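Residue numbering restarts at 1 for every chain, and letters A, B, ... go by the order of the sequence lines. Below, all heavy atoms of this structure are taken into account, side chains as well, without hydrogens, waters or symmetry copies. As the structure is a computational prediction, the values presented were derived from the model and not from experiment.
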Amino acid sequence: MLDLQKTQTQSSYLQDLNDVQRQAVTTTEGPVLVVAGPGSGKTRVLTYRIAYLIEKGVAPWEILTLTFTNKAAREMKERIEKVIGPRAQRVWAGTFHSIFARILRYEAQHIGYPSNFTIYDSDDTKSVIGTIIKEMNLNKEQYTVNNIRSRISSCKSNLVTPKLYETKADLREEDRVARRPYFYEIYKKYTARCKRSGAMDFDDLLFRLYELFQNHPEVADKYRRRFKYLMVDEFQDTNYLQYAIVKKFVNYPGSPRNICVVGDDAQSIYAFRGATIQNILDYGQDFKTYGIKTFKLEQNYRSTDHIVKAANEVISYNTKQIQKTIFSSKGEGHKIKLIKAMTDTEEGKRVASFIVEQKNRNHLSNRDIAILYRTNSQSRVFEEYLRNYNIAYKVFGGQSFYQRKEIKDLIAYMRLCINQRDEEALRRVINYPRRGIGKTSIEKISAFADQSGKTLWEALFAVDLPPRTKNSIGNFVRMVQGFMLKSQTEDAHAVAEHIARETGIMRELNKDKTVEGMNRAENVRSLLDGIKTFVDNDVVEGTVDSLPRNLGGGRETVDGGPIDQFDRSLSGYLQNIALMTDLDESDSKDDYVTLMSVHAAKGLEFKSIFVTGLEEQLFPSFMSMDTPEGLDEERRLFYVAITRAEQLLTLSYANSRYQYGKQRFNSPSRFLNEIEMEHLDTASPIGSKSRAAFGRIEQMMGGPQERQSSGVKGHFKRRAPQPSFHVDPKDFKPSPASEIQAGTKVLHLKFGEGKVTSIDGTRDKRVATIFFDGLATEKEKRIMLRFAKLQVVG
DNA sequence: GAAGTGATGTTTTTT
DNA sequence: ACATCACTTC
């Protein structure tokens, strides 16, 4: 029966595609460029292409797909799975950073890094740079951390090593002019410091891979042989370095150059981080002689005609772009509404009441609606009025869970436990909670490390300090060594809990009885719960893609097929979270209005979109307005914003708003004038009319006075370990793995009753594919028998 | 080494 | 407005 189903899907899925899409899917050999307008079925093309390859006999692990977000990778895998089944999970699909980190851990010995290297996030990076600037006694007005960081980042992204930098007269001249003559020294020191710490920043994950392939052709060859087909999503967002690596993968003598990149130059919104659409243009040139085929996906399946036409009009004001004509197939649809407000407060109020109206008139749920803005700080006023109107909402963006101090503190201990060279982790926790190792002592340790060539951790043992401090350090070191020992044998949760207790972090947090303090303690408990969930998980290939394939452990072979397996150790957990953001954590089941920045909305779609704060200086941002390139990027950003809408699009602006504590008056955004009147709903409630309409709604809603809040709490809360057991844990007795075979009926704590359809792998790597009838979605789970909590029934 | 005070600088940010 | 941070003072 399963087989029959499969053949049906196989024969039908190509018919879901239009002509261009189908060509893009079936042109598998040689270089391909897919220029994909918004809503044109880009993801569908990519996933079907992979499915098609696998059906033609390509092994899943011979296909490498690089994306920018974990979410995109996960979605892609899920969608391939729908077409071709669980085999899809064997495809290497992940972010540039996560895939490269896997390879780098596996090949670490070639580049003088430990395979358990730490990944420094941008806070760590900033902190290292800050320390260096301080150590060098440089004026921090001239040498601002952010400035240095972005210059270092752009060096790495353009393959300029410190060594190369030294020889570049033009770059050094730039530094002189910018009054930052010591930039080179900082860069050099920063690089050395990261290396000494056994740490890589986000750029290193790319740069070191390039270096690895460059300096070790035999290693590069291994991966070239392995990945016979390469795909890159969102190619317009790649930087110079990313494209250089992509070329390393496919450019070699005798290469079939089976590469397919998908992108839309009009949706490039990360130029400020080094992304360059030049890559798309270069790609065309670079692969010209290898018979590159270009496909333009121009039919928009997402939005109605007014929206698509307006978007086309707006983007036509950008001169540099690949010519394409996006057209809609969804009918004329509603005209675009415009909200003019006097103040930012009124804007918030009006948007909220519009949402109420839309929900009634157009039968929309909260989840169909999103409010987009240019800067995260704009969310506040919308939150306020959504609360008043009793509309559930969720704010995305802002500070992520993993960036909170209390979380970083605990994680720093965990990091130190795995990699003692990790200086940022060490600096963070050496005196937290307080143990009398102050600034002066740390400076001494640091200076000693520098002149003796030791790591900071090693310096702890050798440095000469007053007896009292020495004693404190001794206690600290012994404590961490205890954690290290424990992490050899125990799983991540056991170690983390032990650390939280032994360090006194928990005690410290529980002392604080303020609301914020209690929140912090709660956050740490949530983190521990999250680790528990991670450790307990016995599903091998389920919804979460980003779980580690323990390359370093050698369980997965690079030449053969991958054997996916969880690494439940602390090290495994850290690898898992290092590249996670909380955008990856949305629960689609809850019904809330989405609030996010336009950047964060890329790739998403909603029935109704509100694009707010359309004022000069804000959108376009004052930071980008002074250069034509900056303005173009702002315009692309606006293009991305409006093309998120399927049916309803509402634009809003305010005559005045509070910015940086001052009331400012800005004129309406120039982008508004770039939309032709014919697409705008002039009858929409504006001016006095609007007030009437607004009043009506306000009456209906009982006015905006305080009501019980229905807002989904601020940022995401980590899920506690799944409370919804299908089976009562008390009656549950797991059976030994040896009793479980194909055909066995089993009981699972979380998933209920299921039937084992097949078993693959050998010994402790045996994986059961089990069909759980009681589940609503993704009924088929693959469960590692070694960890499975399964009871044989019947 | 800790707590309190004034100056300062604010975009977006998949990883 | 707000948070961060260097600098003071105890």
Side-chain angles (χ1 to χ4, degrees), chain A residues 66-75 94-101 119-126 130 134 139-141 144-147 149-150 153 156-157 200-207 233-234 236-239 241-242 267-275 344 372-378 380-381 396-400 402-403 405 431 434-442 468-469 472 546 577-584 596-604 613 617-625 630 633-634 636-638 640-641 657-664:
Chain A
L66 299 172
T67 65
F68 276 82
T69 63
N70 295 313
K71 201 169 149 222
R74 200 184 322 125
E75 262 170 32
T95 63
F96 278 87
H97 294 83
S98 71
I99 296 275
F100 294 175
I119 295 173
Y120 274 177
D121 67 14
S122 20
D123 289 338
D124 295 317
T125 298
K126 279 194 226 168
K134 216 178 280 170
N139 178 341
K140 59 177 173 27
E141 268 85 74
T144 59
V145 170
N146 274 327
N147 230 310
R149 185 185 52 128
S150 71
S153 172
K156 288 184 186 171
S157 305
M200 295 201 198
D201 65 19
F202 289 141
D203 296 314
D204 285 330
L205 294 176
L206 311 177
F207 181 75
D233 192 15
E234 308 276 17
Q236 76 283 350
D237 289 334
T238 53
N239 62 29
L241 171 57
Q242 283 164 322
Q267 291 183 68
S268 159
I269 55 175
Y270 285 104
F272 75 97
R273 293 181 46 162
D344 48 352
L372 308 183
Y373 34 75
R374 178 68 240 268
T375 66
N376 283 313
S377 61
Q378 286 166 255
R380 234 202 54 225
V381 57
F396 290 82
Q399 202 190 28
S400 107
Y402 297 104
Q403 283 177 332
K405 183 188 175 301
N431 200 31
R434 301 255 126 75
R435 51 175 72 88
I437 309 171
K439 221 163 52 186
T440 341
S441 309
I442 294 168
R468 255 182 66 177
T469 320
S472 299
S546 46
I577 59 159
L579 297 168
M580 280 230 291
T581 62
D582 58 54
L583 228 62
D584 299 329
M596 54 170 57
S597 71
V598 181
H599 282 91
K602 188 161 131 207
L604 305 180
Q617 313 293 324
L618 182 62
F619 200 174
S621 159
F622 67 99
M623 296 292 288
S624 320
M625 282 174 72
E633 176 143 318
E634 294 288 315
R636 290 193 296 267
L637 196 53
F638 183 54
V640 166
R657 79 171 56 237
Y658 277 91
Q659 255 176 313
Y660 307 133
K662 274 208 185 76
Q663 192 180 26
R664 283 169 208 263

K.L.:
Roughly how many Å is it from CG in A:Asn239 to P in B:dT13, rounded to a whole number?
P.N.:
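Atom CG in A:Asn239 sits about 18 Å away from atom P in B:dT13.
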
K.L.:
Need one value for A:Gly603: base, sugar-phosphate or nothing, where a base atom within 4.0 Å counts as base even if backbone is also close, heavy atoms only.
P.N.:
nothing

K.L.:
I need the CZ-C1' distance between A:Arg380 and C:dA3, as an integer number of Å.
P.N.:
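Value for this atom pair: 14 Å.
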
K.L.:
If you find the nucleotide of DNA chain B closest to A:Ala578 and the one closest to A:Thr440, which residue's nucleotide is nearer the 5' end?
P.N.:
A:Thr440

K.L.:
Expressed as a whole number of angstroms, how long is the span from A:Leu206:CG to B:dT14:P?
P.N.:
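Rounded to whole Å, this separation is 15 Å.
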
K.L.:
Under 4.0 angstrom, heavy atoms only, what part of the nucleic acid is A:Lys439 near: base, sugar-phosphate, or nothing?
P.N.:
sugar-phosphate

K.L.:
Whole angstroms only, please: what is the CG-P distance between A:Asn70 and B:dT14?
P.N.:
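Interatomic distance, CG of A:Asn70 to P of B:dT14: 11 Å.
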
K.L.:
If I take atom CG in residue A:Asp121 and atom C1' in nucleotide B:dT14, what distance separates them, rounded to the nearest angstrom?
P.N.:
15 Å

K.L.:
Can you list everything that forms a salt bridge (charged side-chain N to carboxylate O under 4.0 Å, His left out) with A:Asp344? Sequence neighbours excluded, please.
P.N.:
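A:Asp344: no salt bridge (charged side-chain N to carboxylate O under 4.0 Å, His left out) contacts found.
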
K.L.:
Using atom names, set out every protein N or O paired with an N or O of nucleotides 3-12 of chain B below 3.5 Å, distance rounded to 0.1 Å.
P.N.:
unit_1, atom_1, unit_2, atom_2, d
B:dT11, O2, A:Arg374, NH1, 3.4
B:dT11, O2, A:Arg374, NH2, 3.3
B:dT11, O2, A:Ser621, OG, 3.4
B:dT12, OP1, A:Asn376, N, 2.8
B:dT12, O4', A:Arg374, NH2, 3.0
B:dT12, N1, A:Arg374, NH2, 3.4
B:dT12, O2, A:Arg374, NH2, 2.4

K.L.:
I'd like to check the salt bridge (charged side-chain N to carboxylate O under 4.0 Å, His left out) partners of A:Glu634; sequence neighbours left out, ordered by chain and number.
P.N.:
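If we apply the salt bridge (charged side-chain N to carboxylate O under 4.0 Å, His left out) test to A:Glu634, skipping adjacent residues, the hits are A:Arg374.
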
K.L.:
Within the side chain of A:Asn70, is there an N or O that forms a donor-acceptor pair under 3.5 Å with the backbone of A:Leu579?
P.N.:
yes

K.L.:
Measure the distance from CD on A:Glu234 to C1' on B:dT14 and round it to the nearest whole Å.
P.N.:
9 Å

K.L.:
Hey, are the side chains of A:Leu618 and A:Gln659 touching, using non-hydrogen atoms and a 4.5 Å cut-off?
P.N.:
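With C-beta onward as the side chain, the pair touches.
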
K.L.:
Using whole Å, what does the distance between atom C1' of nucleotide B:dT13 and atom CD of A:Gln267 come to?
P.N.:
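After rounding, the reported distance stands at 17 Å.
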
K.L.:
With sequence neighbours excluded, tell me which residues meet salt bridge (charged side-chain N to carboxylate O under 4.0 Å, His left out) with A:Asp121.
P.N.:
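Here the qualifying residues are A:Lys408.
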
K.L.:
Just to verify, what does A:Glu75 make a side chain to side chain donor-acceptor pair (under 3.5 Å) with, not counting sequence neighbours?
P.N.:
none

K.L.:
May I ask you to decide if A:Asn147's main-chain N or O and A:Ser150's side chain share a donor-acceptor pair within less than 3.5 Å?
P.N.:
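Flag set: sc A:Ser150 to bb A:Asn147 pair under 3.5 Å.
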
K.L.:
Using 30° and 60° as the class limits, which term best fits the ring planes of A:Phe272 and A:His599: parallel, tilted or perpendicular?
P.N.:
perpendicular

K.L.:
To the nearest Å, how far apart are A:Asn431 CG and B:dG1 P?
P.N.:
7 Å

K.L.:
What protein N or O atoms touch nucleotides 5-10 of chain C N or O atoms at under 3.5 angstrom, if any, and at what distances?
P.N.:
none

K.L.:
Short question: side chain of A:Asp201, backbone of A:Ile119 - any donor-acceptor pair under 3.5 Å?
P.N.:
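No; judged by distance alone, with no hydrogens or angles, the pair does not exist.
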
